[in-house]
Amino acid sequence: MGRLMNDHESDLIAQARDILKKKFGYDQFRSGQQQVIQEVLSGHDVFAMMPTGSGKSICYEVPGYLLEGIVLIISPLLSLMEDQVNQLREIGEKNVRALNGLMHPEERSRVLAHLRDIRFLFISPEMLRQHSVLTALSRVKLSLFVVDEAHCVSQWGHDFRPDYLYLAEIRSHLGNPACLAVTATADERVREDIVRSLDLRAVNYVLMSVDRRNIALAVHKVKSSEEKIEELCKLLSKVQLPGIVYCAGRDWTEKIADIIRQKLGLRTAFYHGGMEAVDRRKIQNQFLDGQLDLLCCTNAFGMGINKPDIRLVVHFHFPATMNAYLQEIGRASRDGKQGLAILYYAEQDEHYPLGFIDANFPDDTLLRQVLRELDQGLLKLEKKETFLTSLQDRGASETAARFIFENVRFVTRGMNYSSIFEECRKKITERRSVQLNELSMMKRYLNSTTCRRAFYLSVYNESQSEKLDLCCDQCGLSLEAFERACPQTSDVHPEQTLDWHQRLATIFRESERDI
DNA sequence: CGCGACCGCCCTATGGCGGTCGCGGTGCCATAGT
């Protein structure tokens with residue numbers, strides 16, 4: 001950073017620029033890319049925080065052509081992997097493969113048998129822990145160990161997807177290739193957590209601003225869900241679309257999609273983790289293709305989505321952390337045009353995140369019971385699936401069941417069960433307090449009486465450079481002002497919009513009658 | 001934590017009320033059994 005390049009380094013960069021032109025057709029690196037690539041080519045561990053859409057993938061793709069060996073990319077979602085593989089195929093790269101559980105076992109073996117022909121290999125953290133995979137990979141040279149969407153390490157590794165916490169061990173087993181961790185959102189605590197979990201050494205940080213100056217922000221405090229729906233309808237008839245509505249629960253995504261479709265006639269769909277993979281793919285594609293005006297979804301939607309013209313991100317319920325919030329609103333207006341992020345907040349909404357935090361961990365009674373049964377040999381860790389099912393039968397969530405499994409399995413023989421209990425308790429208390437702290441930061445944002453942007457920037461140790469015209473509700477932004485600055489274009493269902501004004505009038509007449 | 005679904009109670013009606021209980025969001029992979 002700021003230091004002068006030596007001859008060797010400038011030579012590498014010249015080569016990198018050559019690849020960028022030849023393979024990807026770009027003349028210049030975008031902000032951040034060159035710095036990351038330079039550090040990667042010099043063999044350093046790099047932590048990069050770059051906004052989505054800034055060309056994160058170039059940062060490992062270009063080095064892939066200059067370094068000897070395989071670029072291994074750890075990717076959190078199978079659908080994302082699929083997209084990433086296709087993108088590389090589109091530029092004519094044949095030596096790119098994914099390795100995951102959806103593949104036929106035979107095909108998987110074939111990939112492992114011909115690793116030397118591969119330049120880019122996409123893989124899930126779970127697959128990476130398989131013996132056969134690890135053995136095969138340890139026999140070849142890896143040029144780079146990329147952790148894509150690296151916030152998952154911190155967000156999911158400690159409970160939801162524990163395999164994320166084994167990446168450091170795996171990397172060391174694979175001869176410690178240089179590591180590139182990339183994400184769009186990680187505050188300082190999350191960054192430290194990622195660096196520690198991945199065991200990054202002498203790490204170079206490339207941190208770009210998280211400020212999305214073209215997204216106006218607002219928090220709208222209400223009393224009830226009914227009021228939210230009313231406000232949402234009003235909003236949707238005034239501002240530009242397409243948009244996303246984030247809800248805390250699956251049921252709400254379906255309910256809101258229904259209401260919007262009926263009341264406003266907008267092309268609306270819902271999306272959540274309870275749906276079949278094919279349906280999810282279908283809805284995602286429809287949204288990307290511009291066949292939908294609005295998508296109501298849980299936090300299942302969004303990772304790896306790069307649709308440039310999303311104009312609106314609504315939070316019908318607030319997310320559990322500021323990182324998640326930034327991640328979600330950051331999906332708006334990637335094309336640089338003006339966008340809007342509006343959050344509806346009712347105090348009772350807090351029960352969602354509180355409930356989620358609770359469901360992540362076993363309660364004391366279950367924990368004690370399970371440990372006693374393990375001690376007496378009534379339960380066995382050797383049969384993982386049986387163990388997990390047994391815990392879930394007693395009311396533990398899948399995550400809580402796995403929490404016990406992961407934390408008990410490596411306990412040394414000499415340890416007695418009451419001290420294991422205390423160890424687990426300690427860990428639960430720690431993790432819970434981390435999550436409660438993040439929630440309380442989120443609540444501070446919601447209740448903030450100063451500039452929203454200044455607040456979230458301060459969470460990332462940044463400060464605001466200059467005042468924006470369309471900043472946030474605390475800086476005087478009103479829906480009317482926003483509407484004036486960004487009038488709804490009439491190409492989105494004008495007849496239904498008119499229809500809605502008539503219906504709104506009818507609703508008001510009806511409610512007057514009720515009073 | 002707090003919601004909504006469900007149950008049982010009231011004691012002669014098909015409803016309303018209060019208590020209890022379970023659930024809630026994110027996704028990999030395996031393996032057993034057809």
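Residue numbering restarts at 1 for every chain, and letters A, B, ... go by the order of the sequence lines.
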Engineer: What does A:E347 touch in the nucleic acid at a heavy-atom separation under 4.0 angstrom: a base, only the sugar-phosphate, or nothing?
Structural biologist: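 Since no nucleic acid heavy atom lies under 4.0 Å of A:E347, the category is nothing.
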Engineer: Say we look at B:dC17 and B:dC11: how far apart would their P atoms be, to the nearest angstrom?
Structural biologist: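 Here B:dC17 and B:dC11 have their P atoms 15 Å from each other.
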Engineer: With rounding to whole Å, what would you report as the distance between B:dG4 and B:dG25 at their P atoms?
Structural biologist: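 Taking atom P in both B:dG4 and B:dG25, they lie 14 Å apart.
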Engineer: Hey, can you tell me if A:Y344 and A:F316 have their rings parallel, tilted or perpendicular (30° and 60° cut-offs)?
Structural biologist: perpendicular
Engineer: Who is the Watson-Crick or G-U wobble partner of B:dC10, with both distances under 3.5 Å?
Structural biologist: B:dG15
Engineer: Has A:W156 got its ring stacked on B:dT26, by the test of a centre gap below 5.5 Å and a plane angle below 30°?
Structural biologist: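 Base of B:dT26: not stacked against A:W156.
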Engineer: Provide, to the nearest angstrom, the distance between the CE atom belonging to A:M103 and the P atom belonging to B:dC29.
Structural biologist: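 Answer to the nearest Å: 10 Å.
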Engineer: Going by atom types alone, do A:Q84 and A:S57 pair a side-chain donor with an acceptor below 3.5 Å?
Structural biologist: no
Engineer: With respect to the side chain of A:A359, which nucleotide from B:dA30, B:dG24, B:dC28 is positioned closest?
Structural biologist: B:dG24
Engineer: What is the distance, rounded to the nearest whole Å, between atom NZ of A:K443 and atom C1' of B:dC1?
Structural biologist: 11 Å
Engineer: Are OP1 or OP2 of B:dG24 and a side-chain N or O of A:S397 less than 4.0 angstrom apart?
Structural biologist: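 A:S397 to B:dG24 OP1/OP2: no side-chain N or O under 4.0 Å.
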Engineer: If you check every side-chain atom of A:R280, which of B:dG27, B:dC1, B:dC3 has the closest atom?
Structural biologist: B:dG27
Engineer: How would you label the contact of A:M127 with the nucleic acid (heavy atoms, under 4.0 Å): base, sugar-phosphate, or nothing?
Structural biologist: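 A:M127: backbone/sugar contact only, no base atoms under 4.0 Å.
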Engineer: Among B:dG2, B:dT26, B:dC28, which nucleotide sits nearest the side chain of A:H351?
Structural biologist: B:dG2
Engineer: Considering only side-chain heavy atoms of A:Q155, which listed nucleotide, B:dT26, B:dG27, B:dG24, is closest?
Structural biologist: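 So the side chain of A:Q155 is nearest to B:dT26.
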Engineer: Figure out the CG/C1' separation between A:D159 and B:dG24, and round it to whole Å.
Structural biologist: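 Taking CG of A:D159 and C1' of B:dG24, I get 15 Å after rounding.
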Engineer: Which residue lies toward the 5' end of DNA chain B, A:G395 or A:T399, if each is placed at its nearest nucleotide?
Structural biologist: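 Mapping each residue to its closest nucleotide by heavy atoms, the 5'-most match is A:G395.
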Engineer: Taking the nucleotide of DNA chain B with the nearest heavy atom to each, does A:D163 or A:W252 sit closer to the 5' end?
Structural biologist: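 Comparing both residues, the 5'-ward one is A:W252.
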Engineer: For the residue pair A:W156 and A:F160, does the interplanar ring angle fall in the parallel (under 30°), tilted (30 to 60°) or perpendicular (over 60°) class?
Structural biologist: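 Geometry flag for A:F160 against A:W156: perpendicular rings.
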Engineer: Under 4.0 angstrom, heavy atoms only, what part of the nucleic acid is A:G355 near: base, sugar-phosphate, or nothing?
Structural biologist: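 Answer is base: heavy atoms of A:G355 come under 4.0 Å of a base.
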Engineer: Can you tell me how the ring of A:F301 sits relative to the ring of A:F287, calling it parallel under 30°, perpendicular over 60° and tilted otherwise?
Structural biologist: perpendicular
Engineer: Expressed as a whole number of Å, how far does the P atom of B:dT31 sit from that of B:dG27?
Structural biologist: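 One P to the other, the span is 23 Å.
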Engineer: Once you apply a heavy-atom cut-off of 4.0 Å, does A:A248 come out as touching a base, just sugar-phosphate, or nothing?
Structural biologist: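 Sugar-phosphate, backbone atoms only, no base.
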Engineer: Need the pair for B:dG33. Rule: Watson-Crick or G-U wobble, both distances under 3.5 Å, any strand; none if unpaired.
Structural biologist: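 B:dG33 is paired with nothing.
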Engineer: Please work out whether the ring planes of A:Y60 and A:F122 are parallel, tilted or perpendicular, with thresholds of 30° and 60°.
Structural biologist: perpendicular
Engineer: When the C1' atoms of B:dG8 and B:dT14 are considered, how many whole Å apart are they?
Structural biologist: 15 Å
Engineer: Would you indicate which nucleotide in B:dT26, B:dC1, B:dC29 comes nearest to any side-chain atom of A:L78?
Structural biologist: B:dC29
Engineer: Report the distance from atom OH of A:Y352 to atom C1' of B:dG4, rounded to the nearest whole Å.
Structural biologist: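 So the OH-C1' distance, A:Y352 to B:dG4, works out to 10 Å.
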Engineer: For A:M81 and B:dC29, give me the distance from atom CE to atom C1', rounded to whole Å.
Structural biologist: 12 Å
Engineer: Only one of A:D358, A:N437, A:N360 passes side chain to side chain donor-acceptor pair (under 3.5 Å) with A:R432; say which it is.
Structural biologist: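 The residue from A:D358, A:N437, A:N360 that satisfies side chain to side chain donor-acceptor pair (under 3.5 Å) with A:R432 turns out to be A:D358.
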Engineer: Select one nucleotide: of B:dC29, B:dG25, B:dG27, the one nearest the side-chain heavy atoms of A:N360.
Structural biologist: B:dG25
Engineer: Using purine N1 to pyrimidine N3 plus N6-O4 or O6-N4 for Watson-Crick, or N1-O2 and O6-N3 for G-U wobble, both under 3.5 Å, which nucleotide pairs with B:dG2?
Structural biologist: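 Across all strands, the one nucleotide that pairs with B:dG2 is B:dC23.
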Engineer: Between P on B:dG22 and CG on A:L366, what's the gap in Å once rounded to a whole number?
Structural biologist: 14 Å
Engineer: With a non-hydrogen cut-off below 4.0 angstrom, is A:L77 in contact with a base, only sugar-phosphate, or nothing?
Structural biologist: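 Sugar-phosphate only.
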Engineer: Measuring centre to centre across the rings, with the benzene-like ring taken for any Trp, is A:F318 within less than 6.0 Å of A:Y445?
Structural biologist: no
Engineer: Which one, B:dG24, B:dA30, B:dT26, comes nearest to the side chain of A:H272?
Structural biologist: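 Of all the options, the side chain of A:H272 is nearest to B:dT26.
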Engineer: As a test of reading the structure: which of B:dG27, B:dC29, B:dC3 is closest to the side chain of A:Q348, going by heavy atoms?
Structural biologist: B:dC3
Engineer: With salt bridge (Lys or Arg N to Asp or Glu O under 4.0 Å) as the test, pick out the partner of A:D473 among A:K221, A:R452, A:R453.
Structural biologist: A:R452
Engineer: By nearest atom, which of the nucleotides B:dT26, B:dG27, B:dA30 is closest to the A:N299 side chain?
Structural biologist: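 So the side chain of A:N299 is nearest to B:dT26.
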Engineer: What's A:F160 touching, base or sugar-phosphate or nothing? Going by heavy atoms closer than 4.0 Å.
Structural biologist: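 Base, at least one base atom sits under 4.0 Å.
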Engineer: Does B:dA30 have OP1 or OP2 under 4.0 Å away from a side-chain N or O of A:R108?
Structural biologist: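 So the side chain of A:R108 is within the cut-off, an N or O lying under 4.0 Å from OP1 or OP2 of B:dA30.
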Engineer: Does B:dT26 have OP1 or OP2 under 4.0 Å away from a side-chain N or O of A:R250?
Structural biologist: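 Answer is yes, contact under 4.0 Å.
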Engineer: Starting from P on B:dC1, measure out to CG on A:L439 and report it in whole angstrom.
Structural biologist: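 The answer, rounded to whole Å, is 13 Å.
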Engineer: Rounded to whole Å, please give me the gap between CZ in A:F361 and C1' in B:dT26.
Structural biologist: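 My rounded result for the distance is 14 Å.
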Engineer: If you look at every strand shown and take non-hydrogen atoms under 4.0 Å, does A:D358 touch a base, only sugar-phosphate, or nothing?
Structural biologist: base
Engineer: When all nucleic acid strands are considered with a 4.0 Å heavy-atom cut-off, which category describes A:Q130: base, sugar-phosphate, or nothing?
Structural biologist: sugar-phosphate
